[in-house]
Amino acid sequence: MGKDVIVACDFASAEQVFSFLDKFQDEKPFVKIGMELFYAEGPEIVRQIKARGHKIFLDLKLHDIPNTVKKSMSVLSRLDVDMTNLHAAGTIAMMEAAIEGLTRPDGTRPMLIAVTQLTSTDQERMTNDLLIGRPIDEVVMHYAHNAKIAGLDGVVCSPLEADKVHDTCGKDFCTVTPGVRFADGDVGDQKRVMTPAQAKEIGSDYIVVGRPITAAADPVAAYRRCVSEFCD
Ligand code: C5P
């Protein structure tokens, strides 16, 4: 599995994202498009970024009845994204339907990864709001295992969980980890962070990096630093 740095392009408009991507002349970073940009600009933004030669992780976190997810995934697959995701809480049946929808007539499909519990959900909210009484770590690993059973390729998780996900689901089950910061950088609103080098050490397969690159004085240099710490 190729290790790569995925740049979270959390911008509000096509204009902003293109002015950011225009800075990259010699490389084509793997780009994450999230809900904000997708809902603002629609599927055309995916086609345009793809046409510039970038790989795309479309981060829309689907969660609905299996039939709806299957049909929606089939639409996303035709957009030719490289990776997309859903909530494991939608059940194994929903995840299996998603794979069916994503799979193209020629048998290929984008990578599909699952969100286990959002990092904004802590033990207290899980217990009190969701009435899930088991320890959060156990729930996260259980959801990861469900994703594996359903045939998904991996999960989004904290770099701190990557090791355990690999122990539970196997080394080939991919870990995509946000919450990455440079040793000398701002942590911002991320609570549990790791440097790209630490994420590599612990076995993350892909790191998702937003503001340390998008808000850097020199985004290209920051991207190259991530690649050299994580991939080389
Ligand atoms: O700017 P920053 O590096 O914090 O961006 C991280 C990206 O990863 C954002 O797009 C954020 O929504 C996403 N993410 C996250 N934590 C999760 C899941 C996704 O930070 N648990």
Side-chain angles (χ1 to χ4, degrees), residues 4-13 16-17 20-21 29-41 45-46 49 54-63 81-90 111-123 125-126 130 136-137 139-141 143-144 147 152 154-162 164-165 174-200 202 204-227 229-230:
D4 211 345
V5 174
I6 302 179
V7 182
C9 286
D10 294 321
F11 296 105
S13 70
Q16 287 169 27
V17 75
F20 170 73
L21 292 177
F30 201 136
V31 163
K32 179 170 91 74
I33 299 177
M35 292 187 215
E36 183 186 11
L37 185 59
F38 189 79
Y39 292 149
E41 299 290 348
I45 192 71
V46 176
I49 296 178
H54 297 270
K55 285 190 172 175
I56 294 180
F57 168 21
L58 190 55
D59 178 17
L60 298 181
K61 302 187 180 71
L62 274 68
H63 188 174
V81 298
D82 299 278
M83 183 188 286
T84 191
N85 62 358
L86 46 62
H87 276 282
M111 286 181 73
L112 182 61
I113 58 169
V115 174
T116 55
Q117 281 290 342
L118 292 170
T119 43
S120 50
T121 308
D122 58 14
Q123 184 74 52
R125 283 174 204 216
M126 215 180 64
L130 306 180
I136 194 159
D137 294 356
V139 173
V140 166
M141 290 309 144
Y143 283 19
L152 270 69
V155 286
V156 186
C157 63
S158 151
L160 297 151
E161 293 162 352
K164 197 148 176 227
V165 168
C174 171
T175 52
V176 180
T177 63
V180 173
R181 292 294 180 265
F182 292 122
D184 51 1
D186 252 355
V187 171
D189 55 0
Q190 293 282 11
K191 301 235 178 326
R192 302 182 305 154
V193 298
M194 269 195 187
T195 65
Q198 287 167 331
K200 174 186 182 181
I202 210 155
S204 292
D205 298 295
Y206 294 87
I207 50 173
V208 176
V209 189
R211 289 158 292 178
I213 295 174
T214 55
D218 184 345
V220 177
Y223 172 73
R224 287 183 182 155
R225 181 176 171 192
C226 271
V227 170
E229 281 193 30
F230 182 67

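First listed ligand is number 1; within each ligand, the first listed atom is number 1.
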Residue shell for ligand 1, any heavy atom closer than 4.0 Å, reads Ala8, Asp10, Lys32, Thr119, Pro178, Arg181, Gln190, Val208, Val209, Gly210, Arg211, Pro212
Would Asp189 and Arg211 pass as an ion pair if we require N to O under 4.0 Å?
yes
Using side-chain contact (heavy atoms from CB on, under 4.5 Å) as the criterion, point out the one residue from Asp59, Leu60, Leu58, Asp10 that pairs with Met35.
Leu60
Does NZ in Lys55 sit with more than 12 non-hydrogen atoms of other residues, nucleotides or ligands closer than 6.0 Å?
no
Can you name the one residue among Asn85, Thr84, Val156 that meets side-chain contact (heavy atoms from CB on, under 4.5 Å) with Lys61?
Asn85
Can you sort out the partners of Thr177 under side chain to side chain donor-acceptor pair (under 3.5 Å), two or more places apart, ordered by chain and number?
Ser204
So does Arg225 pair up with Asp218, basic N to acidic O under 4.0 Å?
no
